[in-house]
Amino acid sequence: MADYKSTLNLPDTGFPMRGNLAQREPERLQTWQDKNLYQRIRDARVGRTRYVLHDGPPYANGDIHIGHAVNKILKDMIVKSRTLNGEDAPYVPGWDCHGLPIEHQVEKKLGKVGVKVEADEFRRACREFALGQIDNQRKDFVRLGVLGDWDDPYLTMKFETEANIVRALGKIIDNGHVTRGSKPVHWCTDCGSALAEAEVEYRDKTSPAIDVRFPAVDEDAFVAAMSLEGENAGEGPISVMIWTTTPWTLPANLAVALNPADEYVLVQVDDERLLLAEALAEEALKRYGVETYHVVARAPGSALENLRMSHPFYDRESVMVLGDYVTLDAGTGAVHTAPGHGQDDFDTGIKYGLEIYNPVGDDGCFLPSTELFAGEHVFKANDHIVEVLKQRNALMHVEKFDHSYPHCWRHKTPIIFRATPQWFISMDKVGLRETAMSEIRKVRWVPSWGQARIESMIENRPDWCISRQRYWGVPITLFMHRETQELHPRTSELIEAVAQRIEKEGIQAWFSLDPKELLGDDIDDYLKVGDTLDVWFDSGTTHFSVLQRDPRTHFPADMYLEGSDQHRGWFHSSLLASCAMHGCAPYKQVLTHGFTVDARGMKMSKSVGNVIAPIKVTKTLGADILRLWVAATDYSGEMSISDEILKRTADSYRRIRNTIRFLLANTNDFEPAEHLVAADEMLALDRWIVGETLKLQNELKQIYDDYLFHIAVQKIHNFCSETLGGYYLDVIKDRQYTTRADSQARRSCQSAQYHITEAMTRWIAPILSFTADEIWEHMPGQRDELGVFIAEWYEGLFDYADDEVESGDWAAIDQVRTEVNRRLEVLRQEGQIGGSLDAEVSIATDQALIDSLQTVGDELRFVMITSATQVKPLAESRAGDAVRLADGNRVLVEAVPSEHAKCVRCWHHRADVGSHADHPELCGRCVENVDGLGEQRRYA
RNA sequence: CGCUUCGUAGCUCAGUGUGAAGAGCACUCGGCUGAUAACCGGGAGGUCAGUGGUUCGAAUCCACUCGAAGCGACCA
């Protein structure tokens with residue numbers, strides 16, 4: 001047998017089947033860095049429409065986890081898809097550098113400030129620590145294939161940024177939003193300092209639960225407010241019963257709160273009358289050991305507002321107030337209220353104009369002015385207070401009570417709520433809430449429920465407390481009058497003077513500042529504020545410190561993109577700060593992604609052991625697999641990840657990779673400049689596939705514009721599997737391999753494959769960045785060494801239009817193909833044929849379909865990948881066995897093994913095999929292709 | 001406990017009022033050996049979380065239940 005294999009044009013490529021990503025991606029990263037890829041993309045897009053995705057700064061502490069990876073990869077995909085659109089989409093990464101968690105880390109090493117280390121040195125250590133963390137995170141972000149200005153990120157601790165944070169505060173003060181006031185904060189008496197929410201953990205604690213009498217000042221007023229049950233209102237002193245688990249807050253009591261909607265009853269017990277919530281009366285009285293009682297009057301809580309009681313052991317009054325937060329879970333339905341010791345109590349206090357009274361000092365002991373309990377530590381005072389209540393006959397009952405109670409996460413000791421002076425950004429003083437609410441409506445929220453979420457938060461939130469009593473933070477650079485507590489009249493000017501110093505020396509400039517330098521003679525009257533700013537203020541003002549200052553960006557940003565928790569975090573703080581400074585939102589669009597969970601939808605936690613580390617994935621499967629997972633997952637909800645999911649992702653990666661590999665292998669000898677066949681000279685099927693490619697490309701443009709990456713992945717993958725693998729590429733193999741290398745028949749399908757490769761490589765570039773860049777190097781033709789990332793959407797595709805074979809005809813042919821395959825499978829199972837070329841088929845169908853099938857004439861057999869294909873009217877066959885297709889046509893496929901000899905070259909079974917003396921094993925077509933001018937094809 | 005979001009084949013996702021629920025992957029059976037640790041074909045697989053309702057008709061709208069996640073509350 002002659003060797004005809006060498007006369008075939010078989011696929012050949014240096015593009016490997018397996019990506020070996022874990023090993024080869026780092027090498028590719030190095031080349032990107034060597035050629036300064038990011039900067040050169042910037043240069044290439046100068047003057048184009050700019051699209052600024054402003055990076056939400058991750059906190060500079062700890063290794064990156066899968067959530068970081070999702071966030072950065074999504075950002076990168078958006079930036080790259082905008083670049084693909086031809087836009088100038090810079091990416092300036094950032095880090096959030098100040099704040100508590102870093103202080104904790106440094107404290108672990110150096111010890112507490114003021115004890116083992118001076119504040120100045122401590123801050124230096126914090127700065128150094130943050131820098132190390134940034135380097136560590138940066139290398140991991142880069143490894144994920146995220147392109148950005150990694151050499152010059154923005155850091156909230158850069159001197160310049162620190163100065164601008166201070167200026168931002170100045171601007172908000174100038175605009176009249178900043179106020180000073182008291183606020184109850186979590187206070188650890190062991191730390192001697194306020195705790196952030198994150199430092200609080202809830203643990204079980206046993207407390208004394210006491211029921212206390214609050215005697216009515218004016219009994220008649222009570223009776224008058226209520227409706228009588230019987231003939232009279234009973235007799236004896238009236239007491240409102242309260243229940244509390246924190247006796248030590250009673251010295252600060254100023255009110256008793258009732259639920260306005262609940263029903264309260266006045267109960268006659270022996271010779272006194274008690275006020276209780278009706279729903280809790282029986283249980284409470286049982287607790288007091290009361291057996292006989294009767295209700296003498298009742299009223300809803302709302303009727304009792306503003307009535308007055310005597311404080312149980314002080315000579316002052318306590319007022320009846322109303323609060324929706326009062327519940328009937330436990331107690332008496334009447335809540336002892338100390339505005340200085342609780343959030344609800346504080347809010348109520350503000351509402352009723354009560355003093356925010358706090359008799360407790362920093363050390364957790366009652367202030368010297370506190371009657372009866374001066375100097376006692378609050379928790380130790382509990383017993384004393386119970387004792388006093390007993391003496392005054394105010395105590396009705398006492399028992400042990402187990403409940404969950406806030407504790408300091410470091411000391412594991414119970415903490416207290418305590419009002420302290422703080423700085424606030426007022427929500428309503430100058431209409432900040434209103435501005436923010438109206439700005440929210442101008443922003444595009446993706447998904448749309450993000451809007452409702454942030455609206456409800458802005459609507460309900462209290463004033464923003466921006467002061468912290470910390471070391472590692474941007475200082476609140478204010479001078480306050482010692483007597484009047486007023487800000488210095490030259491505050492604006494002073495802030496700018498301080499900012500200029502911070503610009504040169506960092507925040508330490510403020511802490512080291514001798515106020516005299518700035519204040520001169522005012523020094524005696526003014527106090528230098530020692531508080532630092534809430535870290536959310538740092539990141540919340542990056543629209544000012546970065547977007548408005550950095551020439552690489554602009555304000556407002558086109559996009560903020562973070563996890564859904566940031567509606568309370570960065571989206572929120574940025575909106576408020578921007579509205580307070582500029583009166584508008586800092587972003588045009590906000591995109592939210594969900595959290596990563598495991599295969600069962602459970603959140604990842606170290607203790608459960610279901611954590612997947614992104615860097616581990618890059619080291620095993622490669623960053624492109626992780627990127628593909630991010631892209632393929634619908635980020636609007638929870639994002640599941642597990643080993644199986646990653647394995648499936650790797651499978652679908654291989655499908656895409658191999659499809660492109662085949663395209664490259666088939667165009668190995670193709671030089672577009674020389675061989676590209678003009679559209680109107682290409683075969684119909686080849687023009688058709690280019691048209692399909694264009695259709696998909698147009699869909700993808702829209703899909704990328706809508707940030708629906710998971711839809712893009714589905715479509716691209718489906719295109720590879722179905723349209724290409726299962727149809728087009730399968731059909732053209734014969735022509736690709738067997739026609740003459742330089743024939744129009746072959747160059748035509750190579751041209752189509754070339755167009756597809758050009759287009760598809762760009763499609764996947766935002767997602768499979770490493771792979772797309774690798775493909776680019778193997779693609780035919782001369783191309784830019786900057787690779788795929790500089791490319792814009794491929795313009796070489798064209799619509800399909802044909803007078804003979806219409807688009808609908810191809811669709812019809814494809815439908816029939818499925819029926820042919822079904823029939824061939826039966827023969828195969830019966831052992832009658834192996835490959836489909838062993839068979840000859842006969843298609844009996846309705847006239848409409850016959851017309852479609854015959855548009856491609858004899859070449860139908862190539863489309864069906866059979867040795868012979870015949871079409872005939874259904875009437876000439878057993879019409880009853882026909883199946884009905886989706887379009888209504890009936891079709892019956894008959895198939896038999898071909899009786900003809902098999903051509904050793906093209907494997908078709910043809911009658912003319914052996915008819916040529918020089919090539920006894922070949923069919924006529926192959927003889928023509930080997931020795932003659934080559935066969936002509938028109939359609940397929 | 002409250003608010004918000006989500007729950008479609010083993011996996012990732014389409015479908016959001018009307019033809020008997022779709023795709024790819026995985027699985028399974030088979031083919032090819034000229035994409036070969038690749039490729040092609042056939043097949044099986046779902047009471048659309050559950051229950052009840054609105055409707056001629058619901059995976060799709062409403063209510064409740066269960067499960068998950070985020071945020072908040074955990075308080076007297």
Side-chain angles (χ1 to χ4, degrees), chain A residues 5 8-13 17-18 197 202 209 242-246 249 256-257 323 325-327 329-338 341-345 403-406 417 447 449-450 452-453 456-457 460 563-569 592 594-597 599-603 629 632-634 636-640 642 644-649 651-652 654-655 658-659 661-666 710-711 713-715 717-722 725-727 729-730 733-734 736-738 818 820-826 828-829 831 833-838 865 886 905-907:
Chain A
K5 192 159 168 173
L8 296 170
N9 315 298
L10 294 177
D12 180 27
T13 177
M17 182 166 359
R18 303 175 72 211
E197 202 57 50
Y202 287 85
I242 65 95
W243 181 80
T244 180
T245 55
T246 52
T249 59
V256 173
Y325 58 89
V326 176
T327 61
D329 308 333
T332 60
V335 176
H336 139 63
T337 297
H341 290 307
Q343 187 62 51
D344 284 336
D345 295 17
H403 60 156
S404 118
Y405 190 87
F417 251 103
W449 49 257
R453 179 165 293 186
S456 75
M457 288 172 179
N460 298 321
S564 55
D565 56 335
Q566 297 303 324
H567 285 105
R568 180 157 295 276
T592 307
F595 277 60
T596 51
V597 296
R600 302 205 329 272
M602 308 293 273
K603 68 175 165 192
W629 167 73
T633 305
D634 179 1
S636 69
E638 288 145 33
M639 302 177 72
S640 288
S642 66
E644 190 200 344
I645 291 166
L646 284 170
K647 187 170 179 294
R648 291 289 93 84
T649 307
D651 286 339
S652 81
R654 286 213 309 276
R655 175 51 129 162
N658 266 315
T659 301
R661 176 172 183 263
F662 191 49
L663 295 171
L664 292 174
N666 284 338
H710 66 292
I711 305 291
V713 170
Q714 293 262 123
K715 298 246 182 203
H717 192 268
N718 213 51
F719 184 67
C720 288
S721 294
E722 290 291 281
Y727 187 24
L729 293 178
D730 207 22
K733 275 184 206 167
D734 176 84
Q736 169 83 32
Y737 298 167
T738 67
T818 304
V820 168
N821 281 333
R822 251 193 269 276
R823 182 68 211 147
L824 292 179
E825 191 59 28
V826 174
R828 202 172 275 137
Q829 298 286 349
I833 59 167
S836 59
L837 285 174
D838 295 341
I865 319 183
R905 183 169 179 275
C906 72
W907 296 347

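First the proteins, then the strands, lettered A, B, ... as listed; each starts at 1.
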[N] versus [M] - spacing of their [atom1] atoms, nearest Å:
N: B/rG17; M: B/rC6; atom1: P; answer: 15 Å
N: B/rG42; M: B/rA26; atom1: P; answer: 15 Å
N: B/rG15; M: B/rG22; atom1: P; answer: 15 Å
N: B/rU55; M: B/rG50; atom1: P; answer: 23 Å
N: B/rU51; M: B/rA69; atom1: P; answer: 24 Å
N: B/rA20; M: B/rG67; atom1: P; answer: 34 Å
N: B/rU47; M: B/rA9; atom1: P; answer: 8 Å

Rounded to whole Å, how long is the line connecting atom [atom1] of [X] with atom [atom2] of [N]?
X: A/I865; N: B/rG42; atom1: CD1; atom2: P; result: 12 Å
X: A/R453; N: B/rC3; atom1: CZ; atom2: P; result: 14 Å
X: A/R568; N: B/rG2; atom1: CZ; atom2: C1'; result: 13 Å
X: A/R654; N: B/rG24; atom1: CZ; atom2: C1'; result: 14 Å
X: A/L646; N: B/rU12; atom1: CG; atom2: C1'; result: 12 Å
X: A/R600; N: B/rG10; atom1: CZ; atom2: C1'; result: 16 Å

Check the phosphate of [N] against [X], side-chain N and O only, distance under 4.0 Å to OP1 or OP2. Yes or no?
X: A/H717; N: B/rC13; answer: no
X: A/T245; N: B/rC75; answer: no
X: A/R828; N: B/rC29; answer: no

Counting only N and O atoms by type, is there a donor-acceptor contact under 3.5 Å from the side chain of A/N460 to the main-chain atoms of A/S456?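 Checked: pair present.
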
Within the modelled atom types, does a donor on one side and an acceptor on the other bring the side chain of A/E825 and the base of B/rG42 under 3.5 Å apart?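 By the distance-only test, no, there is no pair.
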
Considering only side-chain heavy atoms of [X], which listed nucleotide, [options], is closest?
X: A/E638; options: B/rA69, B/rC71, B/rA23; result: B/rA69
X: A/R18; options: B/rG24, B/rA37, B/rG10; result: B/rA37
X: A/R648; options: B/rC13, B/rC11, B/rU5; result: B/rC11
X: A/W449; options: B/rA23, B/rC71, B/rU5; result: B/rU5
X: A/H710; options: B/rA14, B/rC29, B/rA23; result: B/rA14

Is there side-chain contact between [X] and [Y], with at least one heavy-atom pair below 4.5 Å?
X: A/I242; Y: A/T337; result: no
X: A/D838; Y: A/L824; result: no
X: A/L8; Y: A/T738; result: yes
X: A/F417; Y: A/T249; result: no

Run the side-chain hydrogen bond (donor to acceptor under 3.5 Å, both in side chains) test against A/R568 and tell me which residues pass, sequence neighbours left out.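 For A/R568, no residue satisfies side-chain hydrogen bond (donor to acceptor under 3.5 Å, both in side chains) once neighbours in sequence are set aside.
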
Looking at every strand, decide which applies to [X] at a 4.0 Å heavy-atom threshold: base, sugar-phosphate, or nothing.
X: A/T633; answer: sugar-phosphate
X: A/A632; answer: sugar-phosphate
X: A/L824; answer: nothing
X: A/G594; answer: nothing
X: A/S640; answer: sugar-phosphate

Taking NZ, NE, NH1 and NH2 as the nitrogens, is one of them in A/R828 or A/E825 under 4.0 Å from a carboxylate oxygen of the other?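 A/E825 and A/R828: salt-bridged.
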
List for me each residue that meets side-chain contact (heavy atoms from CB on, under 4.5 Å) alongside A/T633, sequence neighbours excluded, and say none if there are none.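 For A/T633, the residues satisfying side-chain contact (heavy atoms from CB on, under 4.5 Å) (neighbours in sequence not counted) are A/W629, A/M639.
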
Set out, line by line, the N/O atom pairs under 3.5 Å between protein and nucleotides 32-35 of chain B.
{"unit_1": "B/rG34", "atom_1": "OP2", "unit_2": "A/K5", "atom_2": "NZ", "d": "3.1"}
{"unit_1": "B/rG34", "atom_1": "O6", "unit_2": "A/V904", "atom_2": "O", "d": "3.3"}
{"unit_1": "B/rG34", "atom_1": "O6", "unit_2": "A/R905", "atom_2": "O", "d": "3.4"}
{"unit_1": "B/rG34", "atom_1": "N1", "unit_2": "A/R905", "atom_2": "O", "d": "2.8"}
{"unit_1": "B/rA35", "atom_1": "OP2", "unit_2": "A/Y737", "atom_2": "OH", "d": "2.7"}

List the steps and the verdict of side chain to side chain donor-acceptor pair (under 3.5 Å) for A/S721 and A/R655. CA-CA 7 Å; A/S721 294; A/R655 175 51 129 162; 3.2 Å; yes

Watson-Crick or G-U wobble mate for B/rC27, both contacts under 3.5 Å: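 WC or wobble partner is B/rG43.
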
